[in-house]
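Per chain, numbering begins at 1; letters A, B, ... match sequence-line order. Keep in mind that the numbers below use all heavy atoms, side chains included, and drop hydrogens, waters and symmetry copies.
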Amino acid sequence: MGAFVVRRVWQMLPTMLGVVLLVFMLFNWVGGDPAYILAGKMANAEAIANIRHQLGVDQSYPMQLWIFIRQIVTCDFGLSWATGEPVSHIIATRLGPSLTVLLPLTVLETLIGIALALAVAFVRGSRTDRAVMIACTVGMSISILVYIIVLQYGLAYKLGLFPVQGWGQGWRENLLRYAALPILIGLAVSIAPTLRLYRSFVLDEVGQDYVRTARAKGLGERRVMWVHVLRNAAIPIVTHVMASLPALLIGAFLLERFFGIPGIGREVILAVERSDFPVIKAITVYVAVATMVFNLLTDLMYQALDPRVKLA
Amino acid sequence: MTAATLMGPPAGLWTLAWRRLRADRVAMLSLAVVAAFLLMLVLSAGGLFAADWEDEVGVNYAPPGFVGATAAGAAPSPAPAERAALPDNPFDPLDDDIRALKAQLAARGDAAPELARRATLPFGGDKWGHDIIKKTIKGGETSIVVGLAAAALAVGIGTVFGALSGYWGGVVDDIFNWFYSIFTAIPSVLMILAVAAVLQQRGVATIVLILGLTGWTGPYRLIRAEYIKHKGREYVLAADAIGASHWRKMFSHIFPNVSHVALVQLSILVVGFIKAEVILSFLGFGVPVGVVSWGSMLNEAQNELILGRWWQLTAAAIAMALLVTAFSLLTDALRDALDPKVK
């Protein structure tokens, strides 16, 4: 187990190096000279040279790359170009609001998705099954923007059931008052693709021999589904949930933007709008690390779920 | 199999797939819808249809004809006389230029004849009084073209990389796999936004590049697996024996046998990229000002909805939902028809 983790972390290094090179190339080479963006319209040559020196972009490319790597290793990405706030402070303060929306959303989505997928798998091939699948396809084809615009207008603005947008201080107030509608909309958008996916995972299992054996020894359909099938379908489901978590941190950017939630996703959008490269660079590197760590955690969870899996 | 099929020449993969597809009523219906959208796209791109969408044919925010002119209380556009009644500003720095322009207009005859603007339009009008139906068609043209072009680019890159990687194996494979692991370590949304931040200039070509350059990983993985499977098959060995070059084996012999994978990937990506373009344009990182797409329509519609003007939102949402539903159903059917083993 320990050896496995060490080896996997060792294998991550080339990928991480690639991510660093890619981000470096994008922002320091393709991105052009940031001094012109920062100096604004009234720039003179001296101001530009000054900014270039402060940012270190007057150095050679290998030197700039070394500065970037040092920033990553020390977790100190300097100051935001737009607000002058330390990047590490931005990320630390924006993580909480993002998680307040994402954790309940992920838990609810997974539980509801599993329950519905098993329920649909009971009646597989029937008219109900087909109708649910077509409803899912139609639901998935409507843009997430339409869901957000219409539900925010209808439920919050017209009916006043939720605050239209905003964010408070205490986490309890945030979760129950401000995050409620974003979570609801997130569920409405994500339940259709989740249900389709989980249904296919469950259907992969119901044809297996062990299901027939379980039925043959006289178990009820309910027990077969919820105990035997679910235990086996859990592996792809766990993979899916774990793999989508880091992406979700960014993926909720539309919800965060519409509802004024000061999270990571909204910060990325703001940074793109303001050409705030240090913030985007830092978030990209952190999310890439999170993705790799979560992949490793997924592999470790396999063994807990299925004792036959040998970590090699 | 009937006697006719047994006597004729053996049906190929595509003939069999088409036969399966034709038996599927949902697939044929969605194919018809997609074909109708594509026809509309060709007509509007050729300037035969909706070319005059920028004409301000209705009053501002003209309501749909079936709602009636008064129902939404559309604000009447200021009459031309009212505009002319503005007092002369002696300090206006543009005064001389404007007077010169006015003189020019007067010299050409009637100064820009004001069109009779209609109080209602078939499905309403936007802020400037553009016909929403024509605007939706024009916006659809942008969104679909971006989706198709970006998907073609992504599948093209994915296919070439996958072919090289799967066919050569070894070090080549390791390098491409390294690329793949880098691109999959960064979530695609973040990747798209990061590239958008760097490229700065907005334009249809830019969105196509952003989506195409970040979306190749899915096709790459599948095409690579197919090439690994095919490169040891007898027909490839036979091609090798008659002296076919590597390039010829890769793209003339193997590719036709794995092209169905590329086709299914293409249609999956088109759907994803149309949705992505809508979101990018909505955020303002997509199409430039002056180009209409479903995303820019939704952006305008967001503020209109608060004023009770729901028609632009409805039109863009329905058009997009219809196309994406049909395209998704067609993709599912295509996958079933081309790869009958998977259920």
Side-chain angles (χ1 to χ4, degrees), chain A residues 11-12 14-23 26-27 29-32 37 133-134 137-146 148-150 152-153 157 203 244 246-251 253-254 257-258 265 268-269 271-277 280-281 283-285 287-289 291-292 295, chain B residues 26 30 174 177-200 271 274-276 278-279 281-285 294-295 297-299 301-306 308 310 313-314 316-318 320-329 331-332 342-343:
Chain A
Q11 284 166 354
M12 279 178 198
T15 310
M16 199 54 229
L17 183 70
V19 170
V20 170
L21 279 175
L22 181 73
V23 172
L26 263 182
F27 288 97
W29 185 59
V30 182
I37 305 171
M133 281 308 110
I134 288 185
T137 308
V138 175
M140 281 161 69
S141 69
I142 298 170
S143 175
I144 178 171
L145 291 167
V146 175
I148 298 179
I149 294 174
V150 170
Q152 189 182 31
Y153 173 76
Y157 182 78
L203 288 190
S244 60
L248 209 63
L249 202 58
I250 308 298
F253 66 96
L254 284 174
R257 188 188 141 101
F258 271 93
V268 172
I269 300 290
V272 173
E273 279 170 357
R274 307 193 280 217
S275 299
D276 198 348
F277 289 178
I280 314 177
K281 267 157 101 172
I283 292 179
T284 311
V285 170
V287 170
V289 172
T291 309
M292 283 184 261
N295 282 344
Chain B
V26 178
S30 38
D174 287 342
N177 273 333
W178 182 60
F179 262 158
Y180 173 79
S181 68
I182 295 168
F183 273 81
T184 45
I186 304 174
S188 57
V189 191
L190 186 55
M191 196 78 198
I192 289 170
L193 289 175
V195 179
V198 166
L199 285 182
Q200 294 296 331
V271 171
I274 287 177
K275 287 183 181 172
V278 167
I279 291 175
S281 295
F282 177 86
L283 290 172
F285 306 141
W294 287 338
M297 286 179 75
L298 287 180
N299 194 354
Q302 188 199 352
N303 298 325
E304 290 174 14
L305 188 64
I306 297 179
W310 47 268
L313 177 77
T314 313
I318 289 180
M320 184 179 157
L322 197 63
L323 173 70
V324 173
T325 305
F327 223 119
S328 312
L329 290 173
T331 305
D332 287 352
V342 185
K343 209 54 201 130

With sequence neighbours excluded, tell me which residues meet ring pair (Phe, Tyr, Trp, His ring centres under 6.0 Å) with Y153(A). Y157(A)
Which one wins on heavy-atom pair count under 4.5 Å against chain A: V278(B), I279(B), L298(B)? I279(B)
Which one wins on heavy-atom pair count under 4.5 Å against chain B: E273(A), M16(A), M12(A), M292(A)? E273(A)
Can you tell me how far apart CD1 (I134(A)) and CG (L329(B)) are? Round to the nearest 0.5 Å. 6.5 Å
Using 0.5 Å steps for rounding, measure from the CD1 atom of I274(B) to the OG atom of S141(A). 11.0 Å
Looking only at heavy atoms and a cut-off of under 4.5 Å, which of I186(B), L305(B), L313(B), L322(B) has the most pairs with chain A? L305(B)
Given that the side chain runs from C-beta out, which part of N299(B) has a heavy atom under 4.5 Å from chain A: side chain, backbone, both or neither? neither
By a 4.5 Å heavy-atom criterion (distance strictly below it), what part of V26(B) contacts chain A: side chain, backbone, both, or neither? side chain
Write down the atom of V272(A), the atom of A196(B), and the distance for their closest heavy-atom approach. CG1-C, 4.5 Å
Distance col, row L26(A):CG vs L199(B):CG, nearest 0.5 angstrom, shows 8.0 Å
Interchain contact, F179(B) with chain A, by part (heavy-atom threshold 4.5 Å): neither
Which region of L254(A), side chain (C-beta onward) or backbone (N, CA, C, O), has a non-hydrogen atom less than 4.5 Å from a non-hydrogen atom of chain B, or is it both or neither? side chain
Given that the side chain runs from C-beta out, which part of F327(B) has a heavy atom under 4.5 Å from chain A: side chain, backbone, both or neither? neither
Heavy atoms of T15(A) and W178(B) approach each other most closely as N-NE1, 4.0 Å
Measure distances from V268(A) to the heavy atoms of chain B and classify the residue's part below 4.5 Å as side chain, backbone, both or neither. side chain
Considering only heavy atoms, which portion of Q152(A) lies under 4.5 Å from any heavy atom of chain B: side chain, backbone, both, or neither? neither
Roughly how far, to the nearest 0.5 Å, is OG1 of T184(B) from CG of N295(A)? 8.0 Å
K275(B) side chain vs M140(A) backbone, donor-acceptor pair below 3.5 Å: yes
Taking every non-hydrogen pair under 4.5 Å, which of L145(A), T291(A), I280(A) racks up the most with chain B? L145(A)
Proximity breakdown for I269(A) and chain B, heavy-atom pairs closer than 4.5 Å: both
Applying side-chain contact (heavy atoms from CB on, under 4.5 Å), can you list everything that pairs with V189(B), at least two apart in sequence or on another chain? I250(A), F253(A), L193(B)
Side-chain contact, heavy-atom cut-off 4.5 Å: L283(B) with R257(A)? yes
Sort I149(A) into side chain, backbone, both or neither according to what part of it lies under 4.5 angstrom from a heavy atom of chain B. both
